[in-house]
Amino acid sequence: MALFIAKRLGAAVLLVIGTILVAFLLTAVLPGDAATARLGERAAADPELVAAMRERLGLDRPLYEQFFLYVSGVTRGDLGESVQTARPVMTDLQLFGPASAELALAATLIAVIVGGGLGIVAALRANGHLDNALRALSLGGVSIPIFWFALIATAIFSTQLGWFPSSGRLDAGVIPPPRVTGFYTIDSLLAGDLPLFWQAVTHLILPAIVLSAAMVGLLMRFTRASVLDVLGQEYIRAAEAKGLSGRRVVFGHVLRGALVPVITVVGTAFASLLAGTVLVEQIFAWPGIGSYAYRAASTLDLAAIVGVTIFVALIYIFVNLVTDILYGVIDPRIRRA
């Protein structure tokens, strides 16, 4: 197992290096100039100021020297300074990242419980009326446009019924809990403020449900297919022949065998949710990485764009690493691969 983990860690390190290289090349290929962006329109008209800023940023050096300077900065946590916020990009990621992570985790939890549970039910009732209905539901979840679902959900559950707030992480004017993790739900619990915790939960539920819709449909279909595949294996028929109860066969044998492909979907879907929260965050005024990336793209804030790119890529790499390790824990045969 130690060798298996070491191999996966080595592959992850190579991916990180490749990610940093691609991110650096993006800064060289994309239109725009970091020096003129820093100076603004008036100052950028002065060639001397532009030259001085380019020298300060190292943009007057050969490309390979710029790359080593960039790598040196990244290893120190220096991703440059954002033009839109006038703060270090790393500070912005630390500020906005937990909001997106909290939303993505909540959406993933909903998808695992609902999608995974319904997928198991559909597999155990294969080709029946319930299975057909659930398959149609999963197809709708995968196909529905997320922006349309967000607008409909807001109109019904927020505007008409008033069950959930329509924007923000907390009500207007409410002071956030003392920052520990950046997750308002966890930080409010750590502060012992239950009313604030409940308020954070009510603000989180609606955008998390909207964000999880496609993942629920996808996970339902994959879980159903995986469980059906395991149900057809000989060791399952042997377990049933021994007289084991249906619940013991399902929870003791079927689910363990069906987990490997499902974990793949959950891991990649979580990373995709974290990277693809732009629409949901814009609609629900959720101050996360998606909103930050949208503003960075609108203002051609190269440092922020590249910083978000590296952040999301590292999340993908980390999630894939954890997924590979879980493979080895669940199925020992994979450790020899």
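The model shown is predicted, which means the values in this text are computed figures rather than measured ones. We use all heavy atoms of the structure for the numbers below, so side chains are in, but hydrogens, waters and symmetry mates are not.
- By the rule that hydrophobic residues join a cluster once side-chain heavy atoms approach within less than 4.5 Å of another member, Leu21 and Ile317 end up as members of one cluster.
- Note on Leu218: it clusters hydrophobically with Trp148, by side-chain heavy-atom contacts below 4.5 Å among ILVMFWY residues.
- Residue pairs meeting the salt bridge (Lys or Arg N to Asp or Glu O under 4.0 Å) criterion with at least one partner in residues 168-178, sequence neighbours excluded, are Glu102-Arg169.
- Of all the heavy atoms in Val216 and Ala111, the pair that sits closest is CG2-CA, 3.6 Å.
- Follow the hydrophobic side-chain contacts under 4.5 Å out from Leu194 and you reach Ile205 in the same cluster.
- Taken from CG in Leu151 to CD1 in Ile283, the straight-line distance is 5.0 Å, to the nearest 0.5 Å.
- No single ILVMFWY cluster, assembled from side-chain heavy atoms under 4.5 Å apart, contains both Ile175 and Leu189.
- Leu161 CG to Ile156 CD1: the interatomic distance, rounded to the nearest 0.5 Å, is 7.5 Å.
- Under the 4.5 Å side-chain contact rule for hydrophobic residues, Tyr184 and Leu103 do not share a cluster.
- With a 4.5 Å cut-off between side-chain heavy atoms of Ile, Leu, Val, Met, Phe, Trp and Tyr, the cluster of Leu109 takes in Ile113.
- The structure places CG of Leu190 at 13.0 Å from CZ of Arg179, a figure rounded to the nearest 0.5 Å.
- Formation of a donor-acceptor pair under 3.5 Å by the Asp187 side chain with backbone atoms of Val180 is found in this model.
- From Leu130, atom CG reaches atom CG of Leu118 across 8.5 Å, with rounding to the nearest 0.5 Å.
- With hydrogens and angles disregarded, a donor-acceptor distance shorter than 3.5 Å links the side chain of Ser212 to the backbone of Ile209.
- A heavy-atom distance below 4.5 Å is found between the side chains of Pro165 and Thr202.
- Checked options Phe183, Phe284, Trp286; the residue passing with Leu204 is Trp286 (criterion: side chain to side chain contact (heavy atoms under 4.5 Å, CB included)).
- Between Tyr292 and Ser100 there is no side-chain heavy-atom pair separated by less than 4.5 Å.
- Counting only distance, with no hydrogens or angles, the side chain of Ser82 and the backbone of Val89 share no donor-acceptor pair below 3.5 Å.
- Contact between Ser166 and Thr154 at its shortest, heavy atoms only, is CB-CG2, 3.9 Å.
- Results of the side chain to side chain contact (heavy atoms under 4.5 Å, CB included) test with Glu281 over Pro207, Pro287, Ser291 single out Ser291 as the only residue that passes.
- Here OG1 of Thr185 is found 12.5 Å from CH2 of Trp198. Values are rounded to the nearest 0.5 Å.
- The minimum heavy-atom distance between His203 and Gly168, with the atom names listed, is ND1-O, 3.0 Å.
- The side-chain contact (heavy atoms from CB on, under 4.5 Å) check on Leu196 picks up Leu170, Val174, Pro177, Ser188, Asp193, with sequence neighbours excluded.
- Ile289 CD1 to Asp92 CG: the interatomic distance, rounded to the nearest 0.5 Å, is 8.5 Å.
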